[in-house]
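The structure displayed is predicted, hence computed values, not measured ones. To find a chain, count down the sequence lines: A is the first, B the second, and so on, and within it residues start at 1.
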2 protein chains.
Amino acid sequence: MKNMFTQSEENYLKAIFHLQEEAGEGVSTSALAELLETKAASVTEMIKRLANKNLVDYKKYYGVQLTQTGRKQALTVVRKHRLWESFLVERLNFNWDEVHEVAEQLEHIRSPKLVEELDRFLGRPAYDPHGDPIPDASGNLPKAPKKRLSQLKEGQKGVCKGFNDASSAFLKFLDDQDIGMHTEMKVMQIQSFDESMTVQVGKRQVLLSKTATDNIYVED
Amino acid sequence: MKNMFTQSEENYLKAIFHLQEEAGEGVSTSALAELLETKAASVTEMIKRLANKNLVDYKKYYGVQLTQTGRKQALTVVRKHRLWESFLVERLNFNWDEVHEVAEQLEHIRSPKLVEELDRFLGRPAYDPHGDPIPDASGNLPKAPKKRLSQLKEGQKGVCKGFNDASSAFLKFLDDQDIGMHTEMKVMQIQSFDESMTVQVGKRQVLLSKTATDNIYVED
DNA sequence: ATAAAATATTAGCTTTGCCTAAATTTTAAT
DNA sequence: ATTAAAATTTAGGCAAAGCTAATATTTTAT
């Protein structure tokens, strides 16, 4: 069968896509290994398989990049992932910090009709519950140029529009601080020695590390 | 991890369950091989794995039966399959004859919360779009004693309540004859030489082979 | 410039799940 | 009761995808 990829292959394509998005250029074996929670040796092996199928360009020792075909395939997986996340949160009462794991499974379901109907059923959403854009059926990704909370200066305000680190721990932490999508925040103070920030959220003040503020996207 | 089964294992458990339902007693290697579209040798192998995990009782050359644990697991898969079929038909505009393949994939998604919320979202349906009962969360299956259309006598009426053969071809055939869930039918004539039936459906008369009438369940 | 450290790749093994061919057991037919 | 046919199991392979240990290449630090 043509156009059929294993779950593992799809996971690699998606991972390469994400790493390429933020780092650009060639994606390293070790970065992939870390993201996919596997060993470098296994990554090398899979990369060769993908290269044989013309899904990636691979030059030994110099990392890997998606081809046009590979990128297209990665985008259909991302699309499915984000549509399912939307479904889980908006129709099935999932909290936005507990959808990731299930969406990782659902994203591999093969059925063009299912994806199309799900999209329609949800009212063709443009963004998922984490504020990430949902690619359309032809693989166009409406990329809003994102600004990090860490880029704001003291006194500036921003509205939370997304998160980079979608780990359950991070999202739970944010929830505890009453920070979520569309939450308004004002930068009160920035510590020069570690770049941590004191931020006004509603009537509370919250201290956020540089790691945290790097992972929160805002619109001002 | 305990309580974790591969997709393949789940497929075998479900297949054994279905064959046990209609044939009772021990399920033969060849019956499984045919249903699962695989070879007898592969079945034997898998059966041994399942026996080691105490999901089935197996006596060489004498077929296989589910243990309590195995039956329970099979029922959770059946539950998921039928809930997803309901979702596809009732919310995503799928036709009841095109859901099977997709549900075969969705039934393997692992997430107790997802199943519970899906059930709630659908209004805790008791039957799936084919008229088959949906097991509840604790694995209780409300079994309505089913009667086959082929068991009716001339002149008797019946209301269609389910189908045994869920093949796409069969379901499409029924659709073409305007026969679906809850369709009322009246037996006009039975051919003695091949047991085929002439049936009144709405204002049309339809000729159904014995094979067909054996696979249509009715309530009278 | 070169040695040490960090990265990447290869080689060889493991498990799952399937296959074919050969051997065994059960069942059916004389 | 034998024996042929049918069903089942065993033996030996194969591909996907992972792992560890050993080797090779690139980068970094002296």
Examine [N]: is either OP1 or OP2 under 4.0 Å from a nitrogen or oxygen in the side chain of [X]? Give yes or no.
X: B:S42; N: C:dC19; value: yes
X: B:Y58; N: D:dT8; value: no
X: A:S8; N: D:dG18; value: yes
X: B:T6; N: C:dT16; value: no
X: B:K39; N: C:dG17; value: no

Side-chain ion pair, [X] and [Y], N-O less than 4.0 Å:
X: A:K210; Y: A:D214; result: yes
X: B:R82; Y: B:E85; result: no
X: B:K53; Y: B:E9; result: yes

Write down the distance between [atom1] ([X]) and [atom2] ([N]), rounded to a whole number of angstrom.
X: A:E45; N: C:dG12; atom1: CD; atom2: P; answer: 13 Å
X: A:Y62; N: C:dT9; atom1: OH; atom2: C1'; answer: 14 Å
X: B:E37; N: C:dC19; atom1: CD; atom2: C1'; answer: 16 Å
X: A:L36; N: C:dA8; atom1: CG; atom2: C1'; answer: 16 Å
X: A:K60; N: C:dA8; atom1: NZ; atom2: C1'; answer: 10 Å
X: A:L32; N: D:dG18; atom1: CG; atom2: P; answer: 12 Å
X: A:K59; N: D:dT26; atom1: NZ; atom2: P; answer: 8 Å
X: B:K53; N: C:dT15; atom1: NZ; atom2: P; answer: 13 Å

Query raised in the report: Does the ring of A:Y58 carry A:K48 above it, NZ/CZ under 6.0 angstrom from centre and within 45° of its axis?
Result: no
Query raised in the report: Cationic tip of B:K14 within the cone over B:F17's six-membered ring, i.e. under 6.0 Å and within 45° of the normal?
Result: no
Query raised in the report: For B:S30, which contact category applies under a 4.0 Å heavy-atom criterion: base, sugar-phosphate, or nothing?
Result: sugar-phosphate
Report task. Using a 4.0 Å heavy-atom cut-off across all strands, classify A:T29 as base, sugar-phosphate, or nothing. Result -> sugar-phosphate
Query raised in the report: Given that B:T38 and B:Y61 both sit by DNA chain C, which one's nearest nucleotide is further toward the 5' end?
Result: B:T38
